[in-house]
Amino acid sequence: MADLPILQFEETIMKAVEENTVVVIIGETGSGKSTQLSQILHRRGYTKSGIVGVTQPRRVAAVSVARRVSQELGVRLGDEVGYAIRFEDRTSERTRIKYLTDGVLLRESLSNPELDEYSVVILDEAHERSLNTDILLGLMKRLVKRRASNFKVLITSATLDDEKVSQFFSECPVVRVPGKLFPVEIVYSHERPVSYLESSLATALDIHMKEGEGDVLIFMTGQDDIDKLVSKLEDRVRSLEEGSCMDAIILPLHGSLQPEMQVRVFGPRPPNCRRFIVATNIAETSLTVDGVVYVIDSGYVKQRQYNPSTGMYSLDVVQISKVQAHQRAGRAGRTRPGKCYRLYPSAVYEDEFLDVTIPEIQRSSLAGSVLYLKSLDLPDIDILKFDFLDSPSPESLQDALKQLYLIDAIDENGLITRIGKTMAELPLEPSLSRTLMEANEHGCLSQALTVAAMLSAETTLLPGRSKNTEKKRKHDYLDLPDGSGWGDHIQLLQIYECWHQTNYDIDWCKDYQLQVRGMKFVKDVRRQLSQIMQKIAKGPLDVQTSRRWKESQQDYHNLRRALCVGYANQLAERMVYHNGYRTLGFKPQVVQVHPSSVLKPDDEGKLPDYVVYQELIATSRPYLRTVCAVNIAWVTPILDKVNKININKLSGGIGRIEEHTEENMSDLPKTDNVVAAVPDDHESKIQAARERFLARKGKK
DNA sequence: GAGCACTGC
């Protein structure tokens with residue numbers, strides 16, 4: 001601890017903090033910023049007037065850093081040093097240093113917008129630019145003006161991005177702290193690879209034959225490629241084994257792996273052995289593998305992005321940014337000098353890579369964030385003019401306003417309604433919050449709570465793809481409830497009610513190949529949502545889980561109607577002659593129900609005329625994922641409302657944009673309007689690169 | 001009849 005670089009900069013940092021309200025700290029990996037900044041401030045008396053809060057983008061980081069700081073200070077975790085993450089608040093009245101996820105701090109500022117109890121807020125890992133961090137950056141900018149006398153903000157960022165952050169906070173000072181990384185030699189390819197999978201394989205084998213001890217970390221874009229490379233490596237390494245003096249272990253590493261499998265990567269390595277870890281970008285930030293000396297960087301990442309004109313998400317393989325390339329290379333220099341093999345020429349890196357990753361706020365639907373900001377009810381806040389470090393496009397903001405209007409969260413003038421105010425209290429996306437409120441009015445809250453909780457964890461519930469699981473399963477999927485013909489939301493409800501009937505039996509989950517961790521998470525979420533609903537709704541509520549879905553032939557009429565009200569912005573109408581659907585409310589898209597849906601055609605071979613959907617996502621084709629049949633009688637009033645939308649009025653009469661031309665109606669994400677309004681060399685370079693990227697996408 | 005990168009309240 002004593003040799004952490006940041007401690008040599010204590011005086012510099014404290015001078016900057018004393019003379020300024022906001023300070024940017026640039027600290028590379030190993031500088032000790034996450035554990036030491038809070039302790040320095042503590043030593044210098046900043047915890048006397050309030051709490052020093054440190055935000056982290058991830059839960060595990062908040063917990064592990066808090067634990068280490070409490071050890072270093074020799075106090076019990078939860079006393080002077082504590083943490084707060086969802087479902088777990090380990091703080092007390094004595095807590096002076098508090099680690100928390102940025103999502104938790106946003107929740108706190110909902111009930112206490114001035115954040116009175118904090119004397120300092122440190123936004124750690126701000127360069128990752130998570131949606132929540134970006135919202136917090138905007139809120140902090142406003143807050144430091146109001147609480148200038150007794151409030152400090154520290155922001156940690158990466159080297160390539162610090163000037164912009166400093167400019168955002170009125171040219172606040174930047175303190176640079178060196179990291180403790182070892183030098184990493186960068187090796188570029190001479191030309192672009194024909195197949196980055198084959199290039200990764202060749203490079204990995206080359207390292208194994210020619211280089212000294214040390215593990216190899218290979219960045220791939222997805223599970224399919226990981227599996228392919230793992231099996232190819234196993235074949236090839238075995239045939240090489242006689243020529244090599246080292247054994248090889250090949251390990252996949254991605255988010256869909258059970259945590260127990262992920263842990264294998266972190267165990268002790270057998271002697272005279274080299275591990276190949278084939279990973280997604282989970283290994284970029286979330287997980288750190290010790291012993292890595294060689295990194296193979298394909299230069300690509302799979303990224304999710306949102307198109308506000310169609311309401312559609314897509315998952316695309318895109319080039320990484322320079323910041324990401326730097327981060328990946330850094331993974332090779334943690335324990336000793338390393339090497340990073342970039343499977344692309346240096347000219348490609350220089351000319352094509354964006355300097356920084358496009359922030360999440362420019363790649364997501366903003367309905368939830370806009371509702372959150374509106375609910376803060378700050379007198380001087382105007383959403384379309386909210387001061388973001390990087391503004392979302394006007395289209396994206398207007399899309400959010402339109403969605404919120406359709407579900408009654410804001411009125412026709414863009415002002416938050418009482419319904420909207422209550423919705424914002426719920427840690428759910430607006431569609432589900434609205435569904436809960438409607439369900440509460442119509443006596444089906446307990447069912448809606450279950451659906452909302454199941455959807456909060458849906459991706460981690462169903463079994464991961466694996467060839468061996470088929471045989472082990474005692475029951476077929478047919479034994480699981482099937483949604484009684486109404487669709488996936490109803491199926492999720494029925495599954496949970498079955499589990500409830502078994503008194504939450506873990507073995508039942510295992511028999512049905514439902515992920516135990518996921519189901520437990522659902523139970524936690526459901527409990528949390530019930531508590532919040534009981535607090536914010538007046539009078540007693542029925543939140544008990546029903547035990548008898550099987551005995552009654554119910555049609556879930558009220559629940560489906562509540563879903564229709566909540567998902568008024570995610571409606572689709574079946575085409576007349578086939579089972580394709582046309583989305584309503586957005587620029588119409590022809591889409592299919594995802595094959596994984598339980599919704600099946602009736603005796604006449606037809607799907608329901610109208611459905612609401614949880615997600616519209618383009619993978620190989622555009623699909624509706626997680627759908628529920630609804631009645632036309634519920635849809636008609638919504639369509640009337642859609643037709644009457646006056647976006648100009650919704651935006652408060654400002655930020656009006658010109659009518660769309662044919663050209664503007666393309667399917668490509670539009671993120672450049674705001675950027676174009678701020679002529680600036682750095683920005684225009686980003687925009688140019690983005691346009692190249694979009695042009696490439698357009699071709700395929 | 002196809003498949004999903006990663007987080008978080």
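Owing to the predicted nature of the structure, the values given are computational and were not obtained by experimental measurement. Lettering follows sequence order; numbering is per chain, from 1.
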Heavy atoms, side chains only, cut-off 4.5 Å: are [X] and [Y] in contact?
X        : Y        : value
A/Ser446 : A/Arg526 : yes
A/Tyr567 : A/Ile407 : no
A/Val590 : A/Tyr581 : no

Measure [atom1]/[X] against [atom2]/[N] and give the value in whole Å, please.
X        : N     : atom1 : atom2 : value
A/Arg129 : B/dC6 : CZ    : P     : 22 Å
A/Glu429 : B/dT7 : CD    : P     : 18 Å
A/Phe521 : B/dC9 : CZ    : C1'   : 9 Å
A/Ile226 : B/dC6 : CD1   : P     : 8 Å
A/Glu128 : B/dA5 : CD    : P     : 20 Å
A/Ile358 : B/dC6 : CD1   : P     : 20 Å
A/Leu136 : B/dC9 : CG    : C1'   : 12 Å
A/Asp524 : B/dC9 : CG    : C1'   : 13 Å

Using a cut-off of 4.0 Å on non-hydrogen atoms, how would the nucleic acid contact of [X] be classed: base, sugar-phosphate, or nothing?
X        : answer
A/Ser130 : nothing
A/Val104 : sugar-phosphate
A/Ile85  : sugar-phosphate
A/Arg86  : base
A/Asn132 : nothing

A/Thr619 side-chain N/O to B/dA2 phosphate OP1/OP2 under 4.0 Å
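Negative; the distance criterion is not met.
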Respond yes when some side-chain nitrogen or oxygen of A/Arg59 is under 4.0 Å from OP1 or OP2 of B/dC9, and no when none is.
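Yes.
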I want to confirm an ordering. Mapping A/Pro427 and A/Thr221 to their closest nucleotides on DNA chain B, which one lands closer to the 5' end?
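Here A/Thr221 is the residue nearer the 5' end.
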Candidate nucleotides [options], ranked by approach to the side chain of [X] - the nearest:
X        : options             : value
A/Tyr623 : B/dA2, B/dC6, B/dC9 : B/dA2
A/Arg621 : B/dA5, B/dT7, B/dA2 : B/dA2
A/Pro595 : B/dG1, B/dT7, B/dA5 : B/dG1

Determine whether a donor-acceptor pair (N or O, by modelled atom type, separation under 3.5 Å) exists between the side chain of A/Thr101 and the backbone of A/Pro57.
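No, because the side chain of A/Thr101 does not come within donor-acceptor range (under 3.5 Å) of the backbone of A/Pro57.
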On the 0 to 90° scale, with breaks at 30° and 60°, tag the A/Phe87-A/Phe521 ring pair as parallel, tilted or perpendicular.
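Perpendicular.
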